[in-house]
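Just below is one structure, and these are the notes that go with it.
Each residue takes its place number in the sequence, starting with 1.
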Amino acid sequence: MYGNMPHCITGQPSLPPLPPQAGFIGSLSLLHTIHRVLLKLREYNPALVYVCDPVQGDNGQLYVSPDLPPAFRSELTPIATIMTPNQLEAELLTKRSIGSVQEALDACAQLHRLGPHTVVITSLDLEPDHVTVLASTTQPQAEGALSTFRILVPRVQAYVTGTGDLFTALLLGWLHKEPGHVQLAVEKALAGLQIILRDSVGTEADGQAPENWQRTKRTAEICRQRELQLVQHSEALIHPHVTYRAEAVP
């Protein structure tokens, strides 16, 4: 759990520290502790923003203890301000399957009722050649900005770790810099992520990754070989070129 992204991303050293963000939580006791700490912080600052990346699994596979999803749902979701689940995690949090854009919207609406005012489902597997990112916020937005939208991103045929963590961190930084403009924040976060992902993997024109990026066995050596090149592409984080734009949900 952390709350102070380098100012090279926000670009404004004078801004106050970023709100707390929690990603992977490896045990139920740690989740309980984070819950208690956040409640204590809210005693001092009731308006404290908490960004929850509810890391539990992906591609239909749970990789945390089975006792964690219910605790995410009952303890962290009600106090979260912003949530960034992937498709599986959104399904676990809402106890509903998601197989369409409308079902994803329904899941966002349910999460809004449970707690967070802003939800970004970071990867929906609804189309063979694209990943769908869907966002919804109940907060007032800048004039002309969408409060509910999707972005279609070409699928990169590679097995990569850390993209969810990077996206949530970038989103938090851009939301901090562009308050009241979730659409722009998501577009810029995705732009930086896509550049780093493309250049780290070295994809071909058809989105196919080299063979060494296609293996799915998760080992320390494979993860080391597949490190995202953040330092080499820091300029893309600071000044991302937005290629994929948000569109209103049909």
Side-chain angles (χ1 to χ4, degrees), residues 1-56 64 68-86 89-90 92-94 107-122 133-142 145 147-148 164-190 192-193 237:
M1 181 167 163
Y2 54 94
N4 207 351
M5 181 181 294
H7 288 302
C8 67
I9 293 178
T10 64
Q12 298 185 30
S14 61
L15 288 174
L18 291 174
Q21 172 189 338
F24 179 76
I25 299 174
S27 68
L28 188 59
S29 62
L30 178 57
L31 188 148
H32 291 330
T33 299
I34 291 173
H35 180 247
R36 289 196 301 271
V37 168
L38 288 167
L39 291 180
K40 177 59 69 173
L41 290 173
R42 286 265 170 86
E43 291 181 8
Y44 294 95
N45 179 10
L48 177 77
V49 171
Y50 161 47
V51 181
C52 179
D53 180 6
V55 180
Q56 299 163 78
V64 297
L68 281 171
F72 266 105
R73 188 166 52 248
S74 64
E75 296 189 37
L76 296 187
T77 301
I79 61 174
T81 313
I82 301 165
M83 291 196 84
T84 58
N86 60 30
E89 292 155 357
L92 291 170
L93 291 170
T94 59
C108 288
Q110 182 175 340
L111 289 171
H112 289 322
R113 291 193 294 271
L114 292 173
H117 63 56
T118 298
V119 177
V120 181
I121 303 181
T122 59
V133 178
L134 187 140
S136 174
T137 182
T138 60
Q139 295 291 97
Q141 296 297 287
S147 58
T148 303
D165 302 318
L166 176 58
F167 174 78
T168 299
L170 291 174
L171 177 64
L172 175 55
W174 285 113
L175 286 172
H176 198 55
K177 190 173 181 180
E178 304 284 355
H181 212 314
V182 172
Q183 176 187 338
L184 183 58
V186 173
E187 288 176 340
K188 289 188 173 183
L190 269 179
L193 172 62
L237 306 180

Residue pair H181 / A145: nearest heavy atoms and the distance that separates them: CE1-CB, 3.6 Å
If you compare all heavy atoms of P116 against all heavy atoms of T77, which two are closest, and at what distance to 0.1 Å? CD-O, 3.4 Å
Of all the heavy-atom pairs spanning R42 and I79, show the shortest one and how long it is. NH2-O, 2.9 Å
L171 and A189: which non-hydrogen atoms are nearest, and at how many Å? N-CB, 3.7 Å
Apply side chain to side chain contact (heavy atoms under 4.5 Å, CB included) to the pair V120 and M83, showing each step before the final yes or no. CA-CA 6 Å; V120 181; M83 291 196 84; over 6 Å; no
Does a side-chain heavy-atom distance below 4.5 Å link Q56 with L68? no
So, does T81 use its side chain to make a donor-acceptor pair with the main chain of V51 at under 3.5 Å? no
Pairing residues for Q110 by the side chain to side chain donor-acceptor pair (under 3.5 Å) criterion, not counting sequence neighbours: R96
If we ignore hydrogens and angles and just use 3.5 Å, is the side chain of S136 paired with the main-chain N or O of T148 as donor and acceptor? no
Audit row: L184, W174, side chain to side chain contact (heavy atoms under 4.5 Å, CB included) steps and yes/no: CA-CA 8 Å; L184 183 58; W174 285 113; over 6 Å; no
Among T118, D165, T168, V186, whose side chain to side chain contact (heavy atoms under 4.5 Å, CB included) with T84 holds? T168
Applying side chain to side chain contact (heavy atoms under 4.5 Å, CB included), run through K188 and E178 and close with a yes or a no. CA-CA 10 Å; K188 289 188 173 183; E178 304 284 355; 3.7 Å; yes
Please name the pair of heavy atoms, one in V64 and one in I25, separated by the smallest distance, quoted to 0.1 Å. CG1-O, 4.4 Å
With rounding to the nearest 0.5 Å, note down the distance linking CZ in R113 to OG1 in T138. 12.0 Å
Taking only residues two or more places apart in sequence or in another chain, which ones pass side chain to side chain donor-acceptor pair (under 3.5 Å) with H32? E75
Distance from L28 atom CG to H35 atom NE2, nearest 0.5 Å? 12.0 Å
Going from CG on L93 to CG on L114, what distance comes out if it is rounded to the nearest 0.5 angstrom? 8.5 Å
To the nearest 0.5 Å, tell me how far Q139 CD sits from H112 NE2. 9.5 Å
Provide the closest heavy-atom pair for A71 versus L31 in the form atom of the first, atom of the second, distance. CB-CD2, 3.7 Å
Distance, nearest 0.5 Å, that separates CZ of F24 from CG of L30: 9.0 Å
How long is the gap from CZ on F167 to CG on L190, to the nearest 0.5 Å? 4.5 Å
A side-chain contact here means heavy atoms from C-beta on lying under 4.5 Å apart; do C108 and I121 qualify? yes
